[in-house]
Asks: 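Here it is: the structure, laid out below.
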Amino acid sequence: DKGNHRHFMQKEIYEQPIVVAQTLRAYLQRMEDRVTLPIPDYDLSSIKRVTIVACGTSFYAGMVAKYWFEQFARVPVDLDVASEFRYRTPVMEPGGLMIVISQSGETADTLAALRHARSEGQTIAAVVNVPTSTMAREADLLLPTHAGPEIGVASTKAFTCQLAVLAALAANLARAKGRLTPADEKAIVKHLAQAPAALNAALAYDEAIEAMAGAVAGARDVLYLGRGTDYPLALEGALKLKEISYIHAEGYAAGEMKHGPIALIDENVPVIVIAPSGPLFDKTVSNMQEVQARGGKVVLISDYDGVEAAGEGCLATITMPKVHPLIAPLVYAVPVQLLAYHVAVAKGTDVDQPRNLAKSVTVE
Ligand code: M6R
């Protein structure tokens, strides 16, 4: 049931504040300022290396998590798309943790990677949304997302719930490694607990995003740029747009622009720049200015400070609430989802059932 929404995708975008809150309830002990996992007896302290494997949007959630695991827990992370993982003869030391991320829990490539990692002696953690799925059953550690059924082929609420679970896992790994003081943990609980309200605040920009979707709907190609955890967001934004609007879109690390893609820039290629204010902001803005100097039309997604500092000369700006960097990937997922959604609606494509795509890809 779509309720009063026109598409399941729109409904699922709007459910995010509630389902992220629901997911966080299973991982945050707010009275005690603790981040916990629903697998209380498992000891993460001996884990020396993490391998993350997934496909599509779930892979981009894993890419964000790689930054977190390395930053908070100082544990090295290997990251692969599932279809490549098995065939590159990956090195997995005994005692490693393999994390598979999947909305459906049935994606053939991810499941094959899980089984391969098991045969190599890895402990398997599965971040899955369907609790009865094959991956949920085969994993040693089940870390459920509580997004509820996701019907739209374009994954939205599953992604933000995956991020919430992965942030909780990163905090637990950091604590097990002796790298999280009680004060750090308290701060993480506080920031994560702010995510649902921040997602709500981000949704308030829906009409503004709808109003500018026309500027993107006419394009043949669109680029998305971001740095740090906004780089996976750029990739996710491009995937969402191509999936449902059939516009060719690419995500790039902002610093990679000058190594090739800048040759594509002209006034017909909108460039979506994802850049919350913070330590990486100035660097991303200088990449953005390289685009503008070549006649490129920039859509800047930032917070009030960022838009104030760099919004001038942009084709459009989208102002997000100012949030802590830990929850920025969840919050900035909203405008990229909404932009893809409104562009697709403007183009009249089948938003919930895009051509050539299936919700669950059960062939390799
Ligand atoms: O069910 P999974 O999370 O394993 O699915 C992975 C991908 O097939 C999926 O994320 C796909 O890329 C979506 N259509 C993206 O919107």
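Both ligands and their constituent atoms are indexed starting at 1 by order of listing. Values below: all heavy atoms of this structure, side chains included; hydrogens, waters and symmetry mates excluded. Small disclaimer: the values here were computed from a predicted structure and weren't measured. This chain uses plain numbering: 1 for the first residue, then up along the sequence.
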Asks: Which heavy atom of the protein is the closest neighbour of atom 6 (C) of ligand 1, given with residue, atom name and distance?
Replies: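 Looking only at protein heavy atoms, the one closest to atom 6 (C) of ligand 1 is Cys55 O, 3.3 Å.
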Asks: Return the residue, atom name and 0.1 Å-rounded distance of the protein heavy atom closest to atom 9 (C) of ligand 1.
Replies: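 Answer, as residue, atom name and distance: Thr57 N, 4.1 Å.
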Asks: Which one holds for Lys240 and ligand 1: side chain close, backbone close, both close, or neither close, with close meaning a heavy atom under 4.0 Å?
Replies: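 The side chain, only.
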Asks: Please check whether Thr110 reaches ligand 1 - meaning an N/O of the residue sits under 3.5 Å from an N/O of the ligand, judged on distance alone.
Replies: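 In fact, backbone or side chain, Thr110 has no N or O that close.
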Asks: Could you tell me whether some N/O pair between Ala154 and ligand 1 is separated by less than 3.5 angstrom?
Replies: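 N/O-N/O distance below 3.5 Å does not exist for this pair.
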Asks: When you group the ILVMFWY residues by side-chain heavy-atom contacts below 4.5 Å and let the links chain together, are Ile262 and Leu300 in the same group?
Replies: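 Yes, Leu300 and Ile262 fall within the same hydrophobic cluster.
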Asks: Say whether Val130 and Val19 are linked into one hydrophobic cluster, either directly or through other cluster members, by side-chain heavy-atom distances under 4.5 angstrom.
Replies: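 Different clusters: Val130 never reaches Val19 through Ile, Leu, Val, Met, Phe, Trp or Tyr contacts under 4.5 Å.
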Asks: What distance separates Leu338 CG from Lys240 NZ, expressed to the nearest 0.5 Å?
Replies: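 The NZ atom of Lys240 is 12.0 Å from CG of Leu338, to the nearest 0.5 Å.
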Asks: State plainly whether the residues Asp33 and Lys190 are in salt-bridge range, i.e. N to O under 4.0 Å.
Replies: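 The answer is no: the pair does not qualify as a salt bridge.
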Asks: Kindly check if the number of other-residue, nucleotide or ligand heavy atoms within 6.0 Å of CD (Glu84) is above 12?
Replies: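 No, CD of Glu84 has 12 or fewer neighbouring heavy atoms, counting only those of other groups under 6.0 Å.
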Asks: Would you say Thr107 has any N or O atom under 3.5 Å from an N or O of ligand 1, going by distance alone?
Replies: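 Yes: some nitrogen or oxygen of Thr107 is under 3.5 Å from one in ligand 1.
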Asks: Distance under 4.0 Å to a non-hydrogen atom of Ser58: what atoms of ligand 1 satisfy this?
Replies: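 With Ser58 as reference, the close atoms of ligand 1 come out as 2 (P), 3 (O), 10 (O).
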Asks: Between the side chains of Asp78 and Arg49, is the shortest nitrogen-to-carboxylate-oxygen separation below 4.0 Å, so that they form an ion pair?
Replies: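 Here Arg49 pairs with Asp78 in a salt bridge, since their nearest N and O are under 4.0 Å apart.
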Asks: Show the atoms of ligand 1 that are less than 4.0 angstrom away from any heavy atom in Ser102.
Replies: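 This gives 1 (O), 2 (P), 3 (O), 4 (O) as the contact atoms.
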Asks: What's the spacing between Lys2 NZ and Glu12 CD if we round to 0.5 Å?
Replies: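 That separation rounds to 10.5 Å.
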Asks: Just heavy atoms, cut-off under 4.0 Å: does Glu243 contact ligand 1 by side chain, backbone, both, or neither?
Replies: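 Answer for Glu243: side chain.
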Asks: Please state which protein non-hydrogen atom is closest to atom 8 (O) of ligand 1 and give its distance, to 0.1 Å?
Replies: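 In this structure, atom 8 (O) of ligand 1 has Val361 CG2, 4.2 Å as its nearest protein heavy atom.
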Asks: Is there a donor-acceptor contact under 3.5 Å linking the side chains of Ser58 and Gln162?
Replies: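 Distance-only check passes for Ser58 and Gln162.
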Asks: Atoms of ligand 1 less than 4.0 Å from Ser155 heavy atoms?
Replies: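 Selected atoms, number and element: 15 (C), 16 (O).
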Asks: To the nearest 0.1 Å, how far is atom 12 (O) of ligand 1 from its closest protein heavy atom, and which atom is that?
Replies: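 Result: Gly56 CA, 3.3 Å.
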